[in-house]
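First comes the structure, then the notes that go with it.
Residue numbering restarts at 1 for every chain, and letters A, B, ... go by the order of the sequence lines.
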Amino acid sequence: MKRNSNSKGTGLGSQSRGSHDSGNSLGTGGGGVGGSSTNVPPFTHPHCDRQAMYAQPARMFRATRGNYDYDLVVIGGGSAGLACAKEAVTNGARVACLDFVKPTPIGTKWGVGGTCVNVGCIPKKLMHQASLLGEAVHEAAAYGWNVDDKIKPDWSKLVSSVQNHIKSVNWVTRVDLRDKKVEYINGLGSFVDSHTLLAKLKSGERTITAQSFVIAVGGRPRYPEIPGAVEYGITSDDLFSLDHEPGKTLVVGAGYIGLECAGFLKGLGYEPTVMVRSIVLRGFDQQMAELVAASMEERGIPFLRKTVPLSVEKQEDGRLLVKYENTETGEVSEDVFDTVLWAIGRKGLVDDLNLPNAGVLVHKDKIQVDSLETTNVGHIYAVGDIIYGKPELTPVAVLAGRLLARRLFANATQRMDYADVATTVFTPLEYACVGLSEEDAIKTYGEEEVEVYHGYYKPTEFFIPQKSVRYCYVKAVAERNGQQRVYGLHYLGPSAGEVIQGFAAALKSGLTVHTLMNTVGIHPTTAEEFTRLSITKRSGLDPTPASCCS
Amino acid sequence: MSLFKLLRARSLVPHRQLGIVAKSKYDFDLIVLGGGSGGLACAKEAVDHGARVLCFDYVKPTPVGTKWGVGGTCVNVGCIPKKLMHQASLLGEAVHEAVAYGWNVNDQNIKPDWQKLVKSVQNHIKSVNWVTRVDLRDRKVEYVNSKGAFFDDHTIEFVPKCGKRYIVTSEYIVVAVGGRPRYPDIPGAKEFGITSDDIFSYDKEPGRTLVVGAGYVGLECACFLKGLGYDPTVMVRSIVLRGFDRQMSNLLAAMMLERDINFLHTCIPDSVERQTDGRLLVKYHNTTTQAESSDVFDTVLWAIGRKGLIEDLNLQAAGVKTQNDKIVVDASEATNVPNIFAVGDIIHGRPELTPVAILAGRLLARRLFAGSEERMDYSDVATTVFTPLEYACVGMSEEQAIETHGVDNIEVLHGYYKPTEFFIPQKSVRYCYLKAVAEINGDQKILGLHYMGPVAGEVIQGFAAALKSGLTLKTLRNTVGIHPTTAEEFTRLTITKRSGRDPTPASCCS
């Protein structure tokens with residue numbers, strides 16, 4: 001898939017497209033290429049979809065590269081789609097990007113940018129931060145500040161702050177698309193054939209043809225198939241804009257989303273309970289996962305283990321009666337909650353795409369791609385959460401989307417490397433890791449070939465406010481012999497994401513145990529604990545620390 | 001051999017003819033002078049490898065009478081209390097941020113209780129002193145709370161509290177006595193000024209404080225004092241953060257200025273006098289304009305540098321060579337006298353950092369007693385300045401890279417960024433900045449990384465391990481970020497200084 005020579009910004013097609021891009025009132029300063037569509041309405045709000053209407057003139061020209069409207073149409077304006085679209089345009093392609101958000105059962109909807117910005121990482125991190133700041137007020141008192149630490153959060157103020165930030169990001173995203181001359185279409189796309197898409201817009205329908213397509217529609221939370229689930233339950237799609245305090249909340253599911261939500265709800269003073277069907281943090285290192293759960297239980301978050309929900313009913317007082325069953329004992333119990341939050345997993349949004357028309361095969365609700373992100377149809381690609389069997393993470397999607405665009409339009413050959421992707425669970429004590437879990441290392445290399453270094457540690461700042469250090473723990477999973485290459489690093493403690501990021505770069509650079517132990521620490525930090533690891537699990541020695549500074 | 005038995009045996013016999021040691025002709029295999037980070041690490045490691053070790057530790061009180069326990073600078077008057085005061089200062093900010101995030105806390109006129117803070121900090125330090133003592137006892141490192149001095153190249157003499165003079169001998173001697181703050185040679189400096197040795201246990205609020213010196217100690221003190229609501233002024237003789245990357249240093253100073261910390265540039269103090277109201281009148285002059293000025297402060301804190309504590313060691317008795325107030329060592333930490341070594345802040349021309357001292361001390365003990373040949377690698381040592389926006393770096397400064405590689409052979413990637421958490425409390429993102437200094441050719445090996453922002457030390461530590469593993473720009477760009485963190489900004493660097501493009505960020509999540 002090579003780029004033709006004529007689609008740079010000076011080409012006729014681009015100019016035509018450029019005209020409606022620049023003829024807006026974003027205040028990005030004139031520079032308008034005098035074009036056909038002069039009566040473009042002013043841009044008023046990030047959620048405004050009038051863009052879709054004045055996007056029409058793009059069809060007036062014919063592409064010279066095949067008879068298609070666009071070189072590339074990206075379906076989905078989330079992290080992956082936008083990254084791909086912008087990179088493609090930067091490399092001279094004519095690109096349109098469709099984005100459409102179906103409202104949740106209770107009517108929540110949002111703007112451009114996808115899950116991360118609107119209902120994922122960003123609001124999650126902000127709520128997490130709010131929760132940590134509540135702790136910080138108590139800590140401030142311990143450090144001698146004269147604050148009254150009997151405090152409560154104002155949920156609606158928090159939600160409105162979070163939503164304002166999101167809207168500003170939506171706005172910046174729109175401006176960025178406009179500046180980069182990606183045509184943005186606020187419509188739901190479905191395939192007519194493998195080169196044709198039907199976009200359902202608010203103003204009607206529009207048929208779009210393209211040389212290539214990138215499917216980046218992402219996923220949405222699942223609901224369980226039990227009575228009352230959809231009527232009375234909410235998901236992470238709703239929580240960050242919920243117009244009332246969540247109160248006593250049942251969080252069903254113990255993946256990272258469930259745990260993060262339960263963690264910040266507890267920090268904000270609500271009473272979350274986590275219902276776990278089987279295991280906590282499936283896919284993560286299970287020792288770390290259990291430590292995370294234990295650290296949450298220590299903070300007073302109850303876990304209902306081996307339990308599944310049976311039904312949700314609304315009581316007369318408006319509260320929710322949840323019946324549930326212990327799958328081991330068969331015992332049925334019930335409890336009353338103010339909010340029930342489903343965090344049982346996410347499903348790919350393949351349904352509306354009409355993929356059979358394009359001949360694209362699906363795998364469950366995901367799309368399987370090869371190492372070039374190509375589906376079974378040669379000119380249709382997929383990136384982001386919609387692809388099967390890859391980490392569902394924003395930076396993965398961004399990088400994969402960008403590299404794909406470079407391969408399509410800039411003669412690049414570099415493929416996305418999905419190995420050693422670091423990730424963080426933003427629970428009150430954060431957990432971050434990169435590389436292999438202990439289980440996976442053992443599975444891959446055999447128990448005799450794996451050495452695990454581990455240690456508990458005590459963050460300096462925790463002493464004065466007497467915060468629990470019980471679950472502050474790090475481990476390094478490494479090759480036992482030879483070079484002792486580090487396979488995986490795991491960290492439970494404050495600022496975990498900040499700590500692990502650099503080590504992710506180190507792993508990619510071939511970090512060995514020897515190098516790690518000869519890396520001089522930065523004192524006093526918690527990240528330096530990795531450089532102080534000396535006790536192997538195999539030795540059976542106590543991994544609890546003794547001294548501090550020598 | 002218990003030290004007490006030894007001392008009983010030796011108290012009247014100040015020479016080593018007794019021959020009481022079967023293992024060697026010396027009383028000990030190793031004597032460590034100085035119970036700080038370097039000395040203790042060396043002593044403990046040596047004991048773990050079967051050596052008989054004696055460690056001397058003694059703290060001379062400061063001019064205002066401050067003293068402390070075992071553990072050295074870091075634990076008592078350095079990294080630990082500094083980080084705690086820094087944390088206290090950040091928590092004051094956090095209270096205001098909590099309000100922005102919706103917490104109903106009253107953040108109007110919040111003040112810290114200086115006495116309570118000092119007491120909490122000192123209690124923590126005392127608990128660390130205690131743990132250190134227990135640890136030494138458990139590991140059977142003999143510990144003497146006295147000032148040891150050389151008698152000859154294998155003999156240390158000391159005078160414990162009882163007043164008697166003792167000597168002990170050892171095959172190896174490691175000097176790890178560290179350093180202490182300097183005082184300027186001006187009237188009133190010692191009588192009325194304090195240093196970082198005093199501030200963390202200061203029994204009264206520092207109030208309006210003149211911090212003289214703009215190295216990292218001075219800047220860190222000024223910043224936590226500001227964060228705690230006092231009113232610091234920083235007097236800078238020439239430049240801020242000498243030895244660090246100039247651009248980053250200047251950004252850091254600008255960040256402090258934005259937080260209303262006053263700077264007196266190119267000024268040096270002339271005298272300090274106590275007024276009748278008890279406050280301190282400081283006279284100073286500007287070395288550029290020669291203008292003389294004076295101002296009144298509650299506290300004057302000297303942070304003009306540190307000097308090595310060689311004076312009381314009687315080094316000439318052993319023939320150990322010194323340079324200024326430091327000891328010169330080779331790549332194996334040996335002095336010019338083969339059985340005498342030095343680690344930590346006392347050695348000349350090495351980073352004065354706790355983890356450097358620890359690792360050097362430990363590796364030295366392994367070479368002496370465990371047959372190891374591994375030497376301390378002093379290159380690419382990461383460090384952090386704990387100012388409100390912290391600055392951390394590893395590897396070369398831009399200047400160093402240019403000097404060693406030539407301006408045409410390096411590429412600098414840089415960018416401003418906006419921490420997600422800063423938006424709601426509308427914290428300034430003006431100085432959130434990072435840069436990578438790399439070779440321009442090939443895979444573009446990274447020479448240095450610089451980061452200014454929250455939790456800088458936590459961010460840079462892993463990258464230090466990456467640099468040691470041969471990190472290249474290519475690898476950095478293909479490292480997947482962790483979203484949303486600030487550390488991920490390193491993976492998003494694309495703009496070179498050479499391009500002249502604006503390094504201000506546009507989008508957030510794509």
Go through the steps to decide whether B:Glu421 and A:His128 satisfy the test side chain to side chain donor-acceptor pair (under 3.5 Å), and finish with yes or no.
CA-CA 10 Å; B:Glu421 298 80 1; A:His128 171 64; over 6 Å; no
B:Leu117 vs A:Trp145, side chain to side chain contact (heavy atoms under 4.5 Å, CB included): CA-CA, chis, key distance, verdict:
CA-CA 8 Å; B:Leu117 174 58; A:Trp145 289 95; over 6 Å; no
Applying side chain to side chain contact (heavy atoms under 4.5 Å, CB included), run through A:Thr526 and B:Glu458 and close with a yes or a no.
CA-CA 7 Å; A:Thr526 53; B:Glu458 310 296 355; 3.0 Å; yes
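By number of non-hydrogen pairs under 4.5 angstrom with chain A, the leading residue of B:Val455, B:Asn478, B:Asn109 is B:Asn478.
Expressed to the nearest 0.5 Å, how far CD1 of B:Ile460 lies from CD of A:Glu528 amounts to 14.5 Å. For the atom pair B:Thr485 OG1 and A:Glu498 CD, the distance stands at 4.5 Å (nearest 0.5 Å).
Within the 4.5 Å cutoff, side-chain heavy atoms of B:Glu97 are placed close to those of A:Gln129. At least one side-chain heavy atom of A:His514 sits under 4.5 Å from a side-chain heavy atom of B:Glu374. Under the 4.5 Å side-chain criterion, counting only non-hydrogen atoms from C-beta, A:Val162 is in contact with B:Ile424. Under the 4.5 Å side-chain criterion, counting only non-hydrogen atoms from C-beta, A:Asp154 is not in contact with B:Asn104. The shortest side-chain heavy-atom distance between A:Thr531 and B:Leu359 does not fall under the 4.5 Å cut-off. Within the 4.5 Å cutoff, side-chain heavy atoms of A:Gln501 are placed close to those of B:Phe463. Contact check for B:Trp103 versus A:Leu268: side-chain heavy atoms found under the 4.5 Å cut-off. In this structure, A:Thr512 and B:Ser469 have side chains that are not in contact, with every pair of non-hydrogen atoms separated by 4.5 Å or more.
The minimum heavy-atom distance linking B:Gly457 with A:Ile522 is given by the pair O-CD1, 3.5 Å.
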